[in-house]
Every structure is written in C-alpha cells, then in structure tokens.
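Note on naming: letters A, B, ... go to the chains in the order of the sequence lines (proteins, then strands), and numbering restarts at 1 for each one.
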Amino acid sequence: MNDKAQEPCAPCGSGGSRPVDFIRKIILDDMASGKWGGKVITRFPPEPNGYLHIGHAKSICLNFGIAAEFGGRCHLRFDDTNPAKEDEEYVEAIKEDVRWLGWDWGEHLYYASDYFDKMYEFAVALIRKGKAYVCDLTPEEVRRTRGTLTEPGVESPYRNRSIEENLELFERMRAGEFEEGARTLRAKIDMASPNLNLRDPVLYRIIKAPPHHRTGTKWCIYPMYDYAHPISDSLEGITHSICTLEFEDHRPLYDWVLEELGIHHSQQIEFARLNLTYTVMSKRKLHELVRGGYVSGWDDPRMPTLRGLRRRGYTPEAIRDFCARIGVAKTDSVVDYQLLEHCLREDLNKRAPRAMAVLKPLRVVITNYPDDQVEWLEAINNPEDPSAGTRLVPFSKVIYIDQDDFREVPPPKYYRLAPGREVRLRYAYFIRCTEVVKDAAGNVVELRCTYDPATRGGNAPDGRKVKATIHWVSASHAANAEVRLYEHLFTKPDPDDVPEGETFLANLNPNSLIVLRDCKLEPMLAEAHPGTTFQFERVGYFCVDSVDSRPGALVFNRAVTLKDQWAKIEKKLTEESS
RNA sequence: AGGCGAGUGGCGCAAUUGGCAGCGCAUCUGACUCUGGAUCAGAGGGUUCUAGGUUCGAAUCCUAGCUCGCCUGCCA
C-alpha cells in the first residue's frame, strides 16, 4: 500500500516555499470550508494509446503531488473507452513510468471499462428522463446539422422519439443489431447552444471492429469521453478532476451529466499543458517520429517521453523538481529547455560519481616517464559527496587527452595545453608540451610531453600554478566505448515554425545524434551497469545505455553537458572575428 | 463572427486580494577552485497588453478596445 502518499506534507512541495498555485488554492479553500469533508481525491487518467511524456509528468506530479500534500489519494485510471485506438501494450508501460517517476497509486488502479455496465444503466436512466435519444443520423449528417460557430444547429428528426422506442433501440444497439456508424445515443440538450459541446453530443457510438483489450467482445457500443469521464470520476469519489485547458469548453457537459444523473459531482479544474522549447509534445507527432524512423523508438534518448528521458540519463528527481519549478497556471506557455537541463545538472552534480573519459582521443607520450611503469593514483569519486570515497586510476607513459584540450595556436583566453605550455593532468602530474607530431596531411596525431615527477598527485611543491587541469586516460588501460552525443531533436525553439506547406519534420536537427567511436574511458567504467550515470569530468553527464551497451562493447549516452564557460568565450571570439 | 479562457523583465511563475512589482531559469561581472564544473558575491533587464475611469494610492476594481489560445470527431 501507499504509505508515502497517505501522509500529509507541506502543500508547497519539498524544498522550501514555492508559491501556491491556483489549484492548490482552490483545494485549500475547500479544506477550510469543509466542502468535501476534508477529503482530497485526484486521478491521473491516461488513455492507453501511447507512451507517457514530460507533459504527462506535469499532470502526474500535480495530481499525485496534491494528493500527497493534502493527505488524500490519487487514482491511476486508464481511460480505455475506444478499443479502436487503445492497446494493452501501453498499460504496463504507463504503470512502469508512473512508478519510475516515484508515485504510487496503491490499490487504486482503475479502468474506465470497469464502469461500462454502470454507464449503460446510467444511459438508460437518461433515456427514461427524456434526456437522451437514439439518433439514426450518419456521421456526415450529424456534422451537417451541428451548425457552425455562429449559426445554431438543427435538431435531429429522431430527437423526439418516444422513451419506449429509445429504450428498445438502445438495447438493440447494445445487442449488436446495427452496423458501426448507423446509430448513436445522443444527449438531448440544446442544438442552439453557443457551446458546440452542448449541441446534443454523442454519448455512445457503435464500435465492432477490434475487441476491447479488457472487455473483449462483450460490448459493441462504447461511451464517449464526455460521458465516461464524469461518471468515472463520480464513481471513484474524485473531488478534484484536474485536466488541461482544452477541456474547459467541455466542463458544462461534464457538469450536465453529473447533474442529470444526480450522482457525486467532482469539480473539474483546468490548467495549461506543458510546452517545451525545441520539443514536440503531441502524441500524433511523437507517433509520427517513431513510425517514420526519425528516431529509434519511443525510448530514443532524444524523445521527450519518460522512457526516452530515462534512457538519456534523466532522473525522476530531476523531472519532479522540474515539474515543481514550472508552476501551474492557465496561461499557455513554453518552458525553456534549459530549465530542465538545469534541474538534471543540479541533481546529478550531487549524486553522480565522477570519471575520466576522453571522447576525441589525442595520443600523448610522456617522454621522460619510465617505459613500463604504471602508477595507480588516487582520485576523488565525488567532490560534492565525501562519502563517495576515492578510487585508483592507472597512469603510464602513453595517455590520451581530449583533442579539445590542445591547440597548436592557442586563442586568447585559452589556457589548456599548447606547445611549450604546462598543464595539470587531473590527480596525476604536471606535463609540458615539447613536440607536436603531425601526419602527412598536417593533422596533429600525437603530442610529446615531459612530466615533472615532483608534481605527483597534481600538487607542485614549489607552489607554481598552472592555468588548467585536464582529464586523461592511460592508453594501455583504457576501455573503449561508443559515446552518443545528443542535441535537441529540432533546430528551432518552436518546431512548428515552418514555411507554408511544410511540417515540423522540416525542422529536424540533422546533428541531434552524433556517434563517437573509440572513446577512451578509465578502466573502472568497463564495469558500469546499464542505466547508471557518471559525470565525465569537465564534459558532462553520461549514462550507460540500457538497450545497446554490452560488456566489452560499451555505449554511453550524453544526458547533458556541463556548463561550459570556455564554449561561450570561444563563441564570442568567433563571432567577433567574422 | 459566436462561446470559453489567458495577457506581469528574454522564458516560466509570484505579489498577504487596493499598499515599496518579487522569485527561478537565462544573460553579464567578479571571487574561489586540482572539473573553464560546483560554490560564493554582485549587476543589468518592467509603460504589469492598450486607452480611459474610480481612488490618497491600481498588476489588482470599472469601461472600452487589442492580441493570443481553445472549440464545428461517432478522438481523448
């Protein structure tokens, strides 16, 4: 059971005094007035027709978070009212993702399909009240008679059938006597309503094609969202039914259903869904990326899905922190991706063990170092966490450093290695570059350096300073790995910003994945388990790929870079010179 | 055009409900540093959509307007 979620805590979430959003204010008021008898019951109602993404995380954290803060509970309910679109495949995946995020629904796992019998009975009750009727109009005719934004619709010729006839026809709909699309059950509300959702909305439609993933072929009529959702909420005793802005127009219908049925009436509250720069969030577009092979799957590390983010190296803690920071409001907004990255860095900085890894190796021979000598030098696992301890890394005559850490002609403010310059090899020695070896094409292929034996461990007894400390890996001890560098999937902050006639696919970033092979890692990394994340010192956070990595054929994903002051300076320099 | 909703530094959110417009991210300085990371100190950045009005006082209240979002599935 879910003890964690039953326990009240501060309404502003963990970690201090974040402002209380408008939804929590409503709940605070309800608690004060005793409106729901002190109860807070929320729900997260995904349709099992796709994988969860970061936008769902916002909703999950809102619903489960509120329940936890107010000592209530949050239900996980699959909104499975359309067998044509839904699949069992997604149910387990969704449960797994919610759990991974750190939330627990306890025993409160539900399916809208659990309520099909009840919903049918309620529909009969509506018919008896004269509030619903069986309509024989075709989908096309329904569309034509609905009217427009400015003109009222016209009433269906079947609108005034007798209750008895409606009862009989509805029963025959259920019995499967009619073809798909032949008839619907409609609410009798108001064809002239300025709110189109109230123009005799369809409550039930006939779907015979694929069997339902849970009820099989028991039903061939299925309730529409606008009818199923309020009833599901009601049956579960939901107090606050939190959904996104586009359902605002549906609230009058939500209320109508509950009002007419005279059953528990939860309050629907709408908030703005999450948008992120450089990211598409709609299920349709995500599907398109997967189907079109633009990404390797739903768990591609460039996807904003929870599975993608997880594989990329994002932690549940970082995502929850992010969700807390973005707030909840009714304004359509686009959150800067950098905030997400900030949250990840902040989490990983405290927790990720450090390692040395050379992504673009440049061979360095320490000319005055004994040929066959190997020294194991002590390195700190995490400067932010003394309890993480230390480890030993091997040092020898031939090492690799990153190509970025050497410049034959150093630009101003570049203070890493260059001919004649001295730098510190982290945890090892000071070295000075004495010779640059090039191939026939003039490419630098090797550096020859001397080391100062007195600087063992990285400290100079004479107190002399070096401007830079760089990372390195002993050539003969190095583990090889493939490293995947990821960038935004799209080149524009708004992927939908495209010329007339083009789609968001036109903004796909051709460099969103760059694969580096023969990267050199310190030996300890060969042992790393899939899914664990390290900070490659001075470079970024990297996660062992949980799908493709094998012992002896390691694959790491870059979750996020470290902040890079030099990159900014360099960018400014190149901008100035051009 | 009809209905509903929303407009506060570049971005995301606050503002005890009429009382000095703040916070986070981002940006820029500087300090420190065996990660150009982290940390620390500081700075810049606002006609609170506009115009009127009420008031000693308006982001907040009133009026008019503007802009943006959503709504014409037998999807959710």
Side-chain angles (χ1 to χ4, degrees), chain A residues 17-21 45-47 49 79 81-82 84-86 135 137-139 142-144 146-153 180-186 193-199 201-207 221-222 224-226 228-229 243-252 270 272 274 277 283 325-343 345-346 349-350 354 356 379-380 383-384 413-416 424-428 430 455 457-460 465-471 493 535-540 561-569:
Chain A
S17 52
R18 249 183 261 285
V20 174
D21 59 73
E47 184 187 15
N49 71 343
D79 212 345
T81 56
N82 187 351
K85 296 196 169 180
E86 294 144 10
C135 180
L137 258 23
T138 65
V142 169
R143 195 177 317 127
R144 269 205 330 263
R146 183 157 30 228
T148 68
L149 295 179
T150 47
E151 301 155 328
E180 282 194 23
R183 282 180 228 256
T184 57
L185 182 75
R186 291 230 256 165
S193 171
N195 182 343
L196 298 259
N197 296 120
L198 264 22
R199 318 245 258 231
V202 172
L203 266 22
Y204 268 92
R205 75 297 210 182
I206 300 169
I207 300 176
I221 56 171
Y222 291 91
M224 298 285 289
Y225 168 88
D226 283 315
H229 209 86
C243 63
T244 43
L245 249 29
E246 68 270 25
F247 293 103
E248 215 151 12
D249 284 344
H250 296 242
R251 186 172 0 114
E270 311 85 11
L274 171 67
T277 56
K283 251 179 220 176
R325 286 183 192 234
I326 56 178
V328 180
K330 299 194 71 159
T331 327
D332 284 301
S333 61
V334 185
V335 174
D336 194 334
Y337 200 93
Q338 289 179 106
L339 179 60
L340 217 208
E341 296 187 324
H342 169 82
C343 293
R345 288 194 189 101
E346 193 169 80
N349 175 50
K350 288 178 301 193
R354 314 288 132 122
M356 291 200 285
I380 295 166
E384 304 291 322
K413 297 208 176 157
Y414 181 89
Y415 39 82
R416 276 112 95 151
R424 171 168 38 234
L425 295 177
R426 177 140 237 225
Y427 301 125
F430 287 14
T455 58
N459 299 302
K465 301 281 185 202
V466 286
K467 288 281 275 185
T469 300
I470 66 175
H471 58 278
Q535 183 196 100
F536 289 178
E537 292 213 40
R538 306 205 310 130
V539 183
T561 63
L562 249 29
K563 285 210 262 181
D564 189 348
Q565 194 60 38
W566 166 246
K568 279 181 192 168
I569 295 168

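- If you take NZ of A/Lys330 and P of B/G7, they are 10 Å apart, rounded to a whole angstrom.
- Taking 4.0 angstrom as the limit, A/Arg146 places a side-chain polar atom (N or O) nearer than this to OP1 or OP2 of B/G73.
- The base of B/U35 sits with one of its N or O atoms less than 3.5 Å from a complementary donor or acceptor on the side chain of A/Arg354.
- In this structure, A/Arg251 does not reach the B/G5 phosphate: none of its side-chain N or O atoms is under 4.0 Å from OP1 or OP2.
- Remark: P of B/A76 and OH of A/Tyr222 are 12 Å apart, rounded to the nearest angstrom.
- In this structure, of B/G37, B/C74, B/C70, it is B/C70 that holds the atom nearest to the side chain of A/Glu246.
- Atom pair A/Asp249:CG and B/G69:P shows a separation of 15 Å (rounding to whole Å applied).
- Contact of the A/Arg538 side chain with the A/Ile470 side chain is registered, since non-hydrogen atoms from C-beta on lie closer than 4.5 Å.
- The OH-P distance, from A/Tyr415 to B/U35, rounds to 11 Å in whole Å.
- Between A/Thr331 and B/G12 there is no side-chain N or O to OP1 or OP2 distance below 4.0 Å.
- A/Val466 comes within 4.0 angstrom of nothing in the nucleic acid, heavy atoms only.
- If you measure from atom CZ of A/Arg143 to atom P of B/C71, you get 16 Å, rounded to the nearest angstrom.
- Counting heavy atoms from C-beta on, the side chains of A/Thr184 and A/Met224 never come closer than 4.5 Å.
- Rounded to whole Å, the distance from NE2 on A/His250 to P on B/G69 is 18 Å.
- Residue-level contact check: A/Val539 touches neither bases nor backbone, having no heavy atom under 4.0 Å from any strand.
- Interface remark: the A/Asp564 side chain does not form any donor-acceptor pair with the B/G36 base, using a distance-only criterion of under 3.5 Å.
- Backbone-only engagement by A/Glu47 is indicated by non-hydrogen atom pairs under 4.0 Å involving sugar-phosphate atoms exclusively.
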Tabulate protein N/O versus nucleotide N/O from nucleotides 20-26 of chain B, keeping only pairs under 3.5 Å, one per line.
{"from": "B/G24", "atom 1": "O2'", "to": "A/Arg325", "atom 2": "NH1", "distance (Å)": "3.0"}

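- On the P atoms, B/A26 is 34 Å away from B/C71, given to the nearest whole Å.
- Taking 3.5 Å as the limit, the base of B/U35 and the side chain of A/Gln535 contain a donor-acceptor pair of atoms between them.
- Under the 4.0 Å criterion applied to side-chain N and carboxylate O atoms, A/Glu47 and A/Lys85 are not assigned as salt-bridge partners.
- Within 4.0 Å (heavy atoms only), A/Leu137 reaches at least one base atom of the nucleic acid.
- The residue A/Ser333 sits close only to the backbone: its heavy atoms come under 4.0 Å of sugar-phosphate atoms, none of a base.
- Using a 4.0 Å heavy-atom cutoff across all strands shown, A/Ile380 reaches no nucleic acid atom at all.
- Comparing the C1' positions of B/G69 and B/G30 gives a spacing of 44 Å, expressed to the nearest Å.
- A/Pro383 comes within contact range of at least one nucleobase, with a heavy-atom separation under 4.0 Å.
- A donor-acceptor contact shorter than 3.5 Å is absent between the side chain of A/Thr81 and the backbone of A/Tyr225.
- Following rounding to the nearest Å, A/Ile207 (CD1) and B/C75 (C1') show an atom-to-atom distance of 9 Å.
- Scored by the side chain to side chain contact (heavy atoms under 4.5 Å, CB included) test, A/Thr455 finds A/Tyr429, A/Phe430, A/Asp452, A/Ala460, A/Arg464 as partners (sequence neighbours excluded).
- One atom, CG of A/Leu562, and another, C1' of B/A38, lie 9 Å apart when rounded to the nearest Å.
- Within the 4.0 Å cut-off from OP1 or OP2 of B/U33, not a single side-chain nitrogen or oxygen of A/Arg538 is found.
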